[in-house]
**Q** 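Shown below is the structure under consideration.
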Amino acid sequence: MKKRLITSALPYVNNIPHLGNLIQVLSADVFARFCRLRGYETLYICGTDEYGTATETRAREEGISPKELCTRYYEIHSEIYRWFNISFDHFGRTSAPNHTEITQHIFQKLHENGYVVEREIEQLYSEASQMFLADRYVRGTCPHCGYADARGDQCENCGKLLDPSDLIDPRSLIDNTRPVMKTTRHLYIDLPKIRPRLEVWLKVAAEEGRWARNAVQMTQAWIRDGLKERAITRDLKWGIPVPLDGFREKVFYVWFDAPIGYISITASLTDNWEAWWRNPEQVDLFQFIGKDNIPFHTVIFPSSLIGTGEKWTLLHHMSSSEYLNYEGGQFSKSRGVGVFGTDAQETGIPADVWRFYLYYNRPETSDFTFTWDDFREKINGELIGNLGNLVNRTLAFQTKFFGNSLPEEDSAGTVTSPEWKEFWNTVRTMESEITDYLEGARLRDAFRTVFALSSYGNKVFQEAEPWKTRKENPEATAVLLKNLIYLIRDLSILIAPYLPDTAVRIGEFLGLNATTWDDLGNLGGITTVSAPTILFSIVEAETIEELRARFSGTQAERAAKKAAEPTMEERFRERVELRAAKITAVERHPKADKLFIEQVDDGSGEPRTIVSGLVGHYTEEELVGHTIVLVSNLKPAKLRGVESRGMLLAAEGTNEDGSKKVDVLFVDHAKPGDRLALHGDTPSEETLSQIDIDSFFAIPLRVKDRVLTVGDTAIECAGQAVTAPVVPNGPVG
RNA sequence: GGUGGCGUAGCUCAGUCGGUAGAGCAAGCGGCUCAUAUCCGCUCGGUCAGGGGUUCAAGUCCCUUCGCCACUACCA
């Protein structure tokens, strides 16, 4: 019996998974649990995918390191999967050191074998941030329709596809500067060259592994249309260094390293990882992913491994699910639409109930739409009305009228009479159907058949009418109950991969533990049963209304998102220190046209120098003697040779003639050194660590109706709101 | 722009190799009382998105139109 290596798609670390994302992890979990119960040696591996532009940019915005950001999200992911009872053997991270090692090794081999080529391309580059920019990080004016905020790849206004170099006045979303075209060199994996070897493998694997239909189709389309070279490097910092001269400043493109994460995460669990990953004779690899990921798993990742010329365990079964939609729309991480892992916990509905609904409706052959009405209907009708009811009515009837002990094996009308033989034939037929479905990873079909089996139990109960026969023919009635109790035992085994907690609870009613697939249909082992307790609570219509309101619609989207992320207010509190400071002297910067050098009293007793670009907007006399708002924990910076220790706050607006208007925020009522605070907060005594200018601007301050605010909260100084005298609304910097 | 997918009963979905359209829920009717207003049975319900083609036969294969969606793009 071959060992089974099971993976579910590595979730990108940068966001909180929603129910749609959870499908893969949950699917692999059922399969892994099933395999263990059937006695296969099983390993279930997953983890977070952490490298790439998205995390790097996000971390930059928040002024923390990518690793810190990833750690924060890794914890959130882990917690969600723990709550859903996912039985990973290991849930790791691609930022682990052995990931670098294995990825570099695979690259080296590809390179040695001549499957890596170099190409020169032109890319937009930001001088200010010293980085190349992805198309969507550039915005500018659309050359077709004049829309001022068109994205580098496509104008959202007129829909025309763009080349970022077409944009009029392009600007980088990262730092707001104007990017330039710059030549760079990248490495490409030569898929066309690997293709013949890939195809030999593909043909056999897709058939033997009984791949999901969408995987077969999409893969065929890819091969048919011809494979192209694909870039495997990027100009980024947050990633795996490329171990090749001339490319050492670059890192691998995430899609190249991400699938290798399956291997490296295994290696971080056990030194014996090669017994799994370099052992195709004894291991079958089952991968669970969403349909959006198919070519990476059926073409690119296998090509990477085949191209090494080494022995690797390649994909056996591909289980690629379709999409789970939400109330007629799409789940969306970026827009925050739908139910997220963290939300599911807060509903008070147990994990097994969520698992039930998601498996019962697993988007196995087509997309499925989650609706709250359907959620309630399926729980009440199927989970409770069918399965819950059979367990409850049978065990309640037994314990109420026949006591806790079951009759002996050979009592009157034994379980092996012709009548019951037929019953068990039916049961066993359905059970082997379920097992076959599960072997083919048809999880939904298997699960639905489990419920059909439960329904059969209800029907047998109903037709036997034990409430009538218990007096006229108690022996036969006892036998009926005994058979139904063994059916329930079988059901508890069959649901164990899906609803592990529930399976254990039913086992407790029957005085059993640790049953396995081999126990199915085996009529022995139960001697006493206990009175059942309610397995699942009915979901009321009001509850559903409340949940629908909470998790659908625009407001709910925002609430869900806010709960997950720190608000602007919280980020301000943690990162920005504002203090009142009195200007004691002002002079022109000798080497700059627009800069003043100000001496300020920040209450520390020591004079402090700041530099501000106010020439032309203010005269020296208009500034000196006034108290301004100082960003006091800003990292010092040299401006034309003069070190500025902090900056003053001013609102920006536009004059009637279109020129820029600068409006310094004065707080003359305050004492130098007074700490500013959010409305409702008491000013903190604690000194914050220094932040750089990018991190400061990542927390946007604005004047709204002349009042200085962050997020939706006013910032106060010495008990008064800070106001802008001239500019009513605009950014503050 | 390229690629892939989807459109079947009021709702959510099955439909294998082309062979008289299926399930669950909802709705209507009947039965039962062990069970969490639960369970069992029956009935109703479809121009298979529109059009064209191949075929003795098309939800299924081909072409086309419409609608929805996903992935992807300094080009593969």
Side-chain angles (χ1 to χ4, degrees), chain A residues 20 119-124 132-136 138 152-154 159-166 181 183-184 186 188 191-192 213-215 217-222 224-231 255 290-296 322-323 325 328-332 360-371 373-386 388-402 444-445 448 451-452 454-470 477 480-481 484 532-540:
Chain A
R119 296 278 178 256
E120 194 166 80
I121 58 162
E122 292 224 305
Q123 253 186 311
L124 279 175
F132 284 92
L133 302 166
D135 290 0
R136 61 199 165 111
V138 183
D153 51 348
Q154 184 172 20
K160 284 228 169 62
L161 297 168
L162 303 174
D163 188 300
S165 59
D166 297 340
M181 294 304 285
T183 300
T184 181
H186 281 294
Y188 287 68
L191 293 177
R213 196 173 49 177
N214 57 4
Q217 277 175 343
M218 200 171 289
T219 305
Q220 277 171 353
W222 256 59
R224 180 197 67 212
D225 296 347
L227 296 174
K228 305 278 164 62
E229 296 167 353
R230 279 186 77 102
W255 62 255
K291 65 176 165 187
D292 50 328
N293 252 329
I294 289 170
F296 293 102
E322 303 280 332
Y323 287 126
N325 294 318
Q330 211 100 39
F331 274 96
S332 165
Y360 195 81
N361 297 304
R362 177 172 187 249
E364 205 151 281
T365 50
S366 81
D367 291 359
F368 177 79
T369 303
F370 174 101
T371 64
D373 285 336
D374 185 61
F375 183 64
R376 168 165 182 263
E377 207 173 274
K378 290 295 188 301
I379 294 168
N380 291 352
E382 195 72 347
L383 182 62
I384 297 175
N386 181 356
N389 189 237
L390 177 67
V391 172
N392 193 47
R393 75 197 298 203
T394 305
L395 294 179
F397 201 99
Q398 166 72 35
T399 52
K400 201 159 156 190
F401 300 112
F402 290 86
R444 185 199 55 196
D445 291 335
R448 293 216 173 201
F451 281 86
S454 170
S455 179
Y456 174 66
N458 271 316
K459 196 167 152 185
V460 169
F461 193 115
Q462 190 75 19
E463 281 170 359
E465 299 186 310
W467 54 90
K468 285 184 186 161
T469 61
R470 72 181 170 92
T477 309
L480 166 79
L481 291 170
L484 288 173
T533 53
I534 293 299
L535 287 175
F536 312 103
S537 309
I538 293 217
V539 180
E540 304 296 342

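Just so it is clear: chains get the letters A, B, ... in the order the sequence lines come, proteins before strands, and each one is counted from 1.
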**Q** At under 4.0 Å between heavy atoms, how does the protein contact nucleotides 36-44 of chain B? Give one character per nucleotide, 5' to 3', with B, S or -.
**A** B-SBSS---
**Q** Rounded to whole angstroms, how far apart are CD on A/Glu322 and P on B/G4?
**A**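 It works out to 15 Å between those atoms.
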**Q** Mind calculating the distance between OH (A/Tyr360) and C1' (B/C13) to the nearest angstrom?
**A**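 In whole Å, B/C13 C1' lies 10 Å from A/Tyr360 OH.
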**Q** Given the C1' atoms of B/C68 and B/U8, what is the spacing between them in whole Å?
**A**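 B/C68 and B/U8 have their C1' atoms separated by 16 Å.
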**Q** Taking any heavy-atom pair under 4.0 Å as a contact, classify A/Lys400: base, sugar-phosphate, or nothing.
**A**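 It contacts sugar-phosphate atoms only.
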**Q** Using the P atom on both, measure B/C32 against B/A23 and round to a whole Å.
**A**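 It works out to 26 Å between them.
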**Q** On a whole-Å scale, what distance lies between the C1' atoms belonging to B/U38 and B/C48?
**A**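 Roughly 36 Å separates the two C1' atoms.
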**Q** Check the distance between B/A14's P and A/Asp445's CG and give it to me in whole angstrom.
**A**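 A/Asp445 atom CG is separated from B/A14 atom P by 9 Å.
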**Q** Separation of A/Tyr323 atom OH from B/C71 atom C1', in whole Å?
**A**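 Interatomic distance, OH of A/Tyr323 to C1' of B/C71: 6 Å.
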**Q** Provide, to the nearest angstrom, the distance between the CZ atom belonging to A/Phe370 and the P atom belonging to B/C69.
**A**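 Rounded to the whole Å, the gap is 21 Å.
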**Q** Using the C1' atom as the reference point in each nucleotide, state the distance between B/C44 and B/A35 in Å, no decimals.
**A**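 Each nucleotide's C1' atom is 29 Å from the other's.
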**Q** Scan A/Arg444 against the nucleic acid and name what it touches under 4.0 Å (heavy atoms): base, sugar-phosphate only, or nothing.
**A**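 Sugar-phosphate only.
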**Q** Using the P atom on both, measure B/U16 against B/G52 and round to a whole Å.
**A**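 These two P atoms come out 24 Å apart once rounded.
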**Q** Rounding to a whole Å, what distance do you find between A/Asp373:CG and B/C13:C1'?
**A**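 Result: 16 Å.
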**Q** Where does the angle between the aromatic ring planes of A/Phe397 and A/Phe461 fall among parallel (under 30°), tilted (30 to 60°) and perpendicular (over 60°)?
**A**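 A/Phe397 and A/Phe461: perpendicular rings.
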**Q** Please measure how far the C1' atom in B/U3 lies from the corresponding atom in B/G46, and state the result in whole Å.
**A**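 Nearest-Å result for B/U3 against B/G46 at atom C1': 33 Å.
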**Q** OP1 or OP2 of B/C13 versus the side-chain N and O atoms of A/Thr369: is any pair under 4.0 Å?
**A**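 It does, given that an N or O in the side chain of A/Thr369 lies less than 4.0 Å from OP1 or OP2 of B/C13.
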**Q** Whole angstroms only, please: what is the CZ-C1' distance between A/Phe401 and B/U33?
**A**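 Going from A/Phe401 (CZ) to B/U33 (C1'), I get 10 Å.
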**Q** In whole Å, measure the gap between the C1' atoms of B/A14 and B/G24 for me.
**A**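 About 10 Å, rounded to a whole number of Å.
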**Q** A/Arg470 near the nucleic acid: base, sugar-phosphate alone, or nothing, with a heavy-atom cut-off under 4.0 Å?
**A**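 The residue A/Arg470 makes no contact with any strand.
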**Q** Would you tell me if any nitrogen or oxygen in the side chain of A/Thr371 comes within less than 4.0 Å of OP1 or OP2 on B/C11?
**A**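 Checking B/C11 against A/Thr371, no side-chain N or O comes under 4.0 Å of OP1 or OP2.
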**Q** Taking the six-membered ring of A/Phe368 as reference, does the cationic atom of A/Arg362 (NZ for Lys, CZ for Arg) lie under 6.0 Å from its centre and within 45° of its axis?
**A**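 Verdict for A/Phe368: no cation-pi partner in A/Arg362.
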**Q** Taking the same atom, C1', in B/C17 and in B/C13, what whole-Å distance lies between them?
**A**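 Comparing C1' positions in B/C17 and B/C13 gives a spacing of 23 Å.
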**Q** How does RNA chain B look in dot-bracket notation if pairs are Watson-Crick or G-U with both distances under 3.5 Å, crossing ones as [ ], other-strand ones as |?
**A** (((((((..((((.....[..)))).(((((.......))))).....(((((..]....))))))))))))....
**Q** Would A/Arg470 count as a cation-pi partner of A/Phe402, with NZ or CZ less than 6.0 Å from the six-membered ring centre and within 45° of the ring normal?
**A**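 Pair A/Arg470/A/Phe402 does not count as cation-pi.
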**Q** Donor-acceptor check, side chain of A/Thr394 to backbone of A/Val391, threshold 3.5 angstrom: yes or no?
**A**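 Pair absent, no side-chain N/O of A/Thr394 close to backbone of A/Val391.
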**Q** Whole angstrom is fine here: how far is it from CG in A/Asp367 over to C1' in B/U8?
**A**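 Going from A/Asp367 (CG) to B/U8 (C1'), I get 15 Å.
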